[in-house]
Amino acid sequence: MELDKAYNHETVEDRIYKMWMDSGYFNPDKLPEADKREPFTISLPPPNVTGVLHMGHAFEDTIQDTVIRYQRMKGKRALWVPGTDHAAIATQAKFEKEHYKKQGKSRHDYSRQDFFEMIQEFALANQKGILSQLHKLGLSLDWSRLAFTLDKDRELAVRTAFKQMYEAGLIYRAHRVVNWDVKGQTTVSDDEIEYEETKTKLYTFRYSQDFPIPISTTRPETKVGDTAVAVHPEDSRYQKFIGREFDLEFCNVPLHIKVIADKEVDPAFGTGALGVTPAHSMIDYEIALRHNLPLKPVINEFGKMTVGGALLEGKKTAEARLAVAGWLKNNNLLEKEEDTTQNLSRAQRTGGVIEPLPKLQWFINVNSKFEIRNSKLKSIKDGEKITLKDVMKRVVQNGQIKIMPERFEKIYFHWIDNLRDWCISRQIIYGHQIPVWYKNAGEATGNRQQEIYCDTNPPKGEGWQQDTDTLDTWFSSGLWTFSTLGWPPSAKASEGKLNDLQIYHPTSVMMPGYEILFFWVARMILMSGFLLGDIPFRQVYLHGIVRDKQGRKFSKSLNNGIDPLEMTGKYGTDALRFALVFGAAPGNDVIFDEQKVKGMKHFGNKLWNISRFVLTNLENSKFEIRNSKLEAKGITDADKDILAKLGAAITNVTKNLDNFQLHEAAQEIYQFVWREFADVYLEASKEQMKDKVLAENTKKLLLHILINSIKLLHPFMPFITEELWQKLHEAKLLSKDSILMVSDWPKEHK
RNA sequence: GGGCAAUUAGCUCAAUGGUAGAGCGACUCGUUUACACCGAGUAGGCCGUAGGUCCGAUUCCUACAUUGCCCACCA
């Protein structure tokens with residue numbers, strides 16, 4: 001049998017992937033003696049259904065596939081669950097844009113139901129695209145368990161979760177100041193906000209000539225909504241005014257201002273007095289809560305003023321700001337106008353300005369205690385009363401969940417300490433509709449009591465209307481590790497037999513990018529802690545971001561994206577995979593370099609030619625495998641040396657893979673194959689095979705080293721190694737393990 | 001304002017309490033049947049700066065500088 005002179009990935013990859021698929025072994029339940037194997041589970045961070053595979057996915061998925069392939073070879077019941085995310089806002093926005101282009105119609109031209117179904121259809125049609133791209137990367141995902149965050153099973157999970165949290169009092173509905181995305185016309189959570197430094201003016205002025213205290217602000221237009229002026233309790237300048245109340249007119253709007261003392265106020269900033277606008281500032285809202293101040297909304301959902309008559313009403317905030325400044329000048333109230341910088345809040349998804357507004361929304365309470373049930377959490381007893389914050393904190397503190405690199409644990413704790421209640425309702429259509437129904441919904445109808453019903457199914461009877469809001473996409477994502485494994489278990493679950501949830505959960509390791517530590521990792525811990533009394537995963541491996549040669553993130557606006565499939569087409573999937581893993585330490589960003597991919601293609605070819613050499617020599621001499629034991633006589637120093645080096649390579653690759661140090665494992669195997677096996681031993685073997693006494697051992701060793709190299713390399717470069725494995729079988733140099741993917745991991749030498 | 005990290009060869013990055021490594025690139029030589037997607041070799045680093053601990057520091061500690069990131073939002 002002859003191998004081609006060079007490895008040609010194009011003729012190999014699809015054929016090998018099909019062979020793996022046909023084997024059924026991506027589903028760990030199909031592995032020989034599956035019941036006796038120890039489970040090892042990874043949940044794939046689900047890519048956006050409508051997204052396109054980018055280098056970040058390729059990196060993230062390669063790391064996971066490497067780990068899962070390694071564990072499978074180690075004999076584990078290795079499950080890697082695939083899925084896609086409905087990415088509520090992102091998907092709806094994308095659909096609306098495309099639909100408007102094509103049809104000229106917007107969401108207002110359709111009923112809610114129709115509009116939802118159109119987006120769902122769009123999403124599922126797009127899903128095929130991303131799934132086929134995942135296949136191309138050679139990922140050993142169990143496609144029989146494919147899930148979607150917005151399908152029937154996940155809907156049941158979401159509704160069940162909502163109901164349980166609602167009944168425990170952890171989900172509540174309240175009128176609160178929330179982050180309103182003016183462009184997206186929806187609320188967003190604190191974590192979905194980005195800050196952009198902008199130049200602006202700091203105005204110092206008085207509301208009116210009679211008002212004794214000047215205040216400073218960058219947003220004078222909001223001051224028509226002020227209900228107090230706050231000063232520091234120990235500020236001697238303002239002592240005499242504390243507690244006094246003033247009625248005055250500001251920009252033709254009557255104001256009732258109370259002077260209050262609050263320690264949050266910095267006496268050194270501006271005039272040391274802060275105009276409190278409870279309805280349009282998070283900070284002011286909190287001050288208002290402490291002092292029982294009234295809320296006075298003056299800006300609406302479209303970012304326009306709702307008071308102020310001809311001067312302000314109907315104007316956008318930016319316009320209104322200038323109008324107020326002009327009014328202040330005209331009335332001789334402006335004392336100072338200075339340049340300053342300010343962090344402007346924008347919605348991460350839409351880029352729209354965030355306007356804090358008081359709205360009736362749903363929240364998850366992270367600070368009130370609930371009784372934990374069926375606790376499997378270390379150091380948290382069954383029935384103990386604990387807050388969600390504490391659950392999230394404790395499981396990491398006590399080491400039940402390990403986050404690596406470890407430095408992210410500090411970042412995680414810090415985030416929890418600053419965490420406020422999570423606003424989970426969104427004013428968009430695409431997503432999980434809130435499973436709450438109202439009767440007599442008109443709140444303004446006075447004496448008729450509103451009825452509320454929360455369950456997984458609609459209530460019976462007439463007159464019930466479901467809440468029109470949908471849930472934050474991270475709510476369903478938070479359930480991902482267990483909603484994909486049969487949670488909630490059906491009542492009819494077969495008795496005596498373990499279900500997926502019992503076998504595969506908690507999952508073994510979660511491997512997302514560090515940028516979604518808060519969004520996702522923390523939310524999974526929260527959800528799993530409350531709903532299962534358990535952790536969602538034992539280990540979190542946070543990987544870095546893939547960047548371009550200038551160190552910039554890949555982004556659409558920069559148009560610097562590199563299609564991973566273009567790279568795999570050019571150099572082969574194995575080459576891309578190895579290049580991504582090579583030198584990528586946990587948590588560190590990776591600079592993508594095409595030259596590196598090319599280099600790794602060369603490495604693959606090196607292995608190919610080593611195999612070609614071994615195959616030709618062993619076949620031509622009618623070599624037979626009787627046993628792998630070496631003859632006692634005629635063992636050379638070169639033989640001993642390569643065996644020792646192989647032993648070290650096995651030990652180090654194994655150790656590093658166990659510790660998720662993939663970059664080191666990759667480096668180790670690269671060095672061994674090229675520098676030790678090819679450069680040294682293979683050259684020595686040429687001479688040794690000319691000697692009749694030495695030839696037998698040499699050939700045995702060549703084969704032994706080759707087989708082990710192929711195995712060690714398989715998790716990283718699955719295609720070429722599997723192809724070579726098949727060639728060894730064809731040449732009758734192997735007698736067992738017809739598929740490398742499920743063969744045994746090399747044993748460490750003693 | 002608070003915190004985290006990085007600083008090592010021309011570039012991208014590892015490792016490490018005891019003479020510094022890889023990939024890519026550069027240079028020289030070499031086409032003898034595994035591979036030119038190659039081989040043999042060479043050059044290239046006071047391991048950011050200054051202190052400290054230690055027999056010994058690139059590694060541990062402190063300060064500083066520069067860069068990047070996260071959080072807070074001084075209104």
Side-chain angles (χ1 to χ4, degrees), chain A residues 2-8 190-191 193 195 197 200 202-204 215-220 222-223 226 229-230 262 264-277 280-284 287 340-345 356 405-419 514-515 517-518 544-545 547 549 551 553 571-572 575 578-579 582-585 587-617 656 661 663-664 666-668 670-671 674-675 677-679 682-683 685-686 702 706:
Chain A
E2 276 287 300
L3 288 189
D4 294 341
K5 203 168 174 185
Y7 170 62
N8 181 2
D190 294 346
D191 300 284
I193 295 175
Y195 298 96
E197 202 166 82
T200 184
L202 180 69
Y203 301 92
T204 301
I215 56 168
S216 299
T217 184
T218 53
R219 296 201 62 188
T222 65
K223 299 289 107 182
D226 282 12
V229 163
D262 195 288
E264 286 295 299
V265 180
D266 176 3
F269 185 88
T271 62
L274 163 67
V276 184
T277 321
H280 298 291
S281 154
M282 282 290 178
I283 302 283
D284 293 6
I287 293 176
T340 184
T341 54
Q342 183 201 28
N343 278 335
L344 184 70
S345 316
E406 214 170 323
R407 64 174 186 270
F408 285 102
E409 292 192 356
K410 285 183 204 160
I411 298 175
Y412 174 80
F413 291 136
H414 184 251
W415 176 81
I416 293 176
D417 289 339
N418 286 300
L419 186 62
Y514 59 72
E515 74 274 15
L517 175 62
F518 309 140
I545 294 169
R547 296 173 180 276
K549 272 196 113 172
K553 277 190 186 181
Y571 304 105
F578 210 65
F582 203 86
N588 286 6
D589 292 351
V590 182
I591 305 281
F592 182 80
D593 181 6
E594 186 171 340
Q595 283 304 309
K596 200 167 165 188
V597 184
K598 193 175 163 194
M600 293 311 163
K601 180 196 157 130
H602 296 173
F603 173 61
N605 195 55
K606 191 73 187 177
L607 180 74
W608 184 263
N609 275 290
I610 291 168
S611 309
R612 208 155 82 94
F613 175 85
V614 173
L615 273 167
T616 348
N617 278 287
N656 284 316
Q661 303 293 325
H663 61 299
E664 290 204 56
Q667 193 134 338
E668 181 76 29
Y670 182 101
Q671 288 301 309
W674 203 318
R675 302 277 95 94
F677 189 17
D679 289 352
L682 201 135
E683 291 305 322
S685 78
K686 289 176 184 170
L702 281 173
L706 178 63

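Scope of the values below: all heavy atoms of this structure, side chains included, with no hydrogens, waters or symmetry mates.
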Fill in the blank from the handout: d(A:R219 CZ, A:L202 CG) to nearest 0.5 Å is 13.5 Å
Exercise for the section: Would you check if there is a donor-acceptor pair between the side chains of A:T341 and A:E197 at a distance under 3.5 Å? Expected result: no
Fill in the blank from the handout: Of the candidates B:G23, B:C24, B:C74, the side chain of A:K596 sits closest to B:G23
Problem - Proximal nucleotide (of B:A75, B:A5, B:G25) relative to the A:R407 side chain - result: B:A5
Please report the distance separating the [atom1] of [N] from the corresponding atom of [M], rounded so that it comes out in whole Å.
N: B:G48; M: B:A57; atom1: P; value: 15 Å
N: B:A72; M: B:A65; atom1: P; value: 26 Å
N: B:U58; M: B:A26; atom1: P; value: 32 Å
N: B:G18; M: B:U59; atom1: C1'; value: 11 Å
N: B:A5; M: B:C61; atom1: P; value: 10 Å
N: B:U49; M: B:U8; atom1: C1'; value: 15 Å
N: B:G17; M: B:C60; atom1: P; value: 8 Å

Hey, does [X] reach any base, or is it just sugar-phosphate, or nothing, if we go heavy atoms under 4.0 Å?
X: A:N418; value: sugar-phosphate
X: A:L682; value: base
X: A:S281; value: nothing
X: A:I610; value: base

Taking side-chain contact (heavy atoms from CB on, under 4.5 Å) as the definition, give me every residue that meets it alongside [X], ordered by chain and number, with sequence neighbours left out.
X: A:S281; answer: A:I283, A:D284
X: A:Q661; answer: A:M404, A:P586, A:N656, A:N659, A:H663, A:E664
X: A:L344; answer: A:T198, A:R346
X: A:V597; answer: A:Y571, A:A575, A:L576, A:A579, A:F592

Report all interatomic pairs (protein N or O, nucleotide N or O of nucleotides 1-3 of chain B) with separations under 3.5 Å.
none

Can you check the [X] [atom1] to [N] [atom2] distance for me, whole Å?
X: A:N343; N: B:C71; atom1: CG; atom2: P; result: 12 Å
X: A:K549; N: B:G10; atom1: NZ; atom2: P; result: 16 Å
X: A:F592; N: B:G23; atom1: CZ; atom2: P; result: 19 Å
X: A:M282; N: B:C74; atom1: CE; atom2: P; result: 12 Å
X: A:D284; N: B:C73; atom1: CG; atom2: P; result: 12 Å
X: A:R219; N: B:C73; atom1: CZ; atom2: P; result: 15 Å
X: A:K553; N: B:G68; atom1: NZ; atom2: P; result: 14 Å
X: A:F408; N: B:A5; atom1: CZ; atom2: P; result: 10 Å

Can you pull every protein N or O that's under 3.5 Å from an N or O on nucleotides 13-15 of chain B?
{"unit_1": "B:C13", "atom_1": "O2'", "unit_2": "A:G583", "atom_2": "O", "d": "3.1"}
{"unit_1": "B:A14", "atom_1": "OP1", "unit_2": "A:N588", "atom_2": "ND2", "d": "2.2"}

Completion exercise
Applying ring pair (Phe, Tyr, Trp, His ring centres under 6.0 Å) to A:F408 and not counting sequence neighbours gives A:Y514
Fill in the blank from the handout: Taken in chain and number order and not counting sequence neighbours, the residues that satisfy ring pair (Phe, Tyr, Trp, His ring centres under 6.0 Å) with A:Y670 are A:F582, A:F603, A:W674
Practice task
Could you tell me whether the side chain of A:L274 reaches within less than 4.5 Å of the side chain of A:I287, counting heavy atoms only?
Solution key: yes
Give me the distances for all protein-to-nucleotides 35-42 of chain B N/O pairs that come in under 3.5 Å?
{"unit_1": "B:C35", "atom_1": "OP1", "unit_2": "A:R612", "atom_2": "NH2", "d": "3.4"}
{"unit_1": "B:C35", "atom_1": "O4'", "unit_2": "A:N609", "atom_2": "OD1", "d": "2.9"}
{"unit_1": "B:C35", "atom_1": "O4'", "unit_2": "A:N609", "atom_2": "ND2", "d": "3.3"}
{"unit_1": "B:C35", "atom_1": "O2'", "unit_2": "A:N605", "atom_2": "ND2", "d": "3.4"}
{"unit_1": "B:C35", "atom_1": "O2", "unit_2": "A:K606", "atom_2": "NZ", "d": "2.7"}
{"unit_1": "B:C35", "atom_1": "N3", "unit_2": "A:K606", "atom_2": "NZ", "d": "2.9"}
{"unit_1": "B:C37", "atom_1": "O4'", "unit_2": "A:H602", "atom_2": "NE2", "d": "2.9"}
{"unit_1": "B:C37", "atom_1": "O2'", "unit_2": "A:N605", "atom_2": "ND2", "d": "3.3"}
{"unit_1": "B:C38", "atom_1": "OP1", "unit_2": "A:H602", "atom_2": "ND1", "d": "3.4"}
{"unit_1": "B:C38", "atom_1": "O3'", "unit_2": "A:K606", "atom_2": "NZ", "d": "3.0"}
{"unit_1": "B:G39", "atom_1": "OP1", "unit_2": "A:K606", "atom_2": "NZ", "d": "3.2"}
{"unit_1": "B:G39", "atom_1": "OP1", "unit_2": "A:W674", "atom_2": "NE1", "d": "2.4"}

Handout entry: Strand RNA chain B in bracket notation, Watson-Crick/G-U under 3.5 Å with | for pairs to another chain
Key = (((((((..((((....[..)))).(((((.......))))).....(((((..]....))))))))))))....
Completion exercise
Residues at least two apart in sequence or cross-chain that pass side-chain hydrogen bond (donor to acceptor under 3.5 Å, both in side chains) with A:Q667, listed by chain then number, are none
Exercise for the section: Identify, with sequence neighbours excluded, every residue that meets salt bridge (Lys or Arg N to Asp or Glu O under 4.0 Å) alongside A:D4. Expected result: none
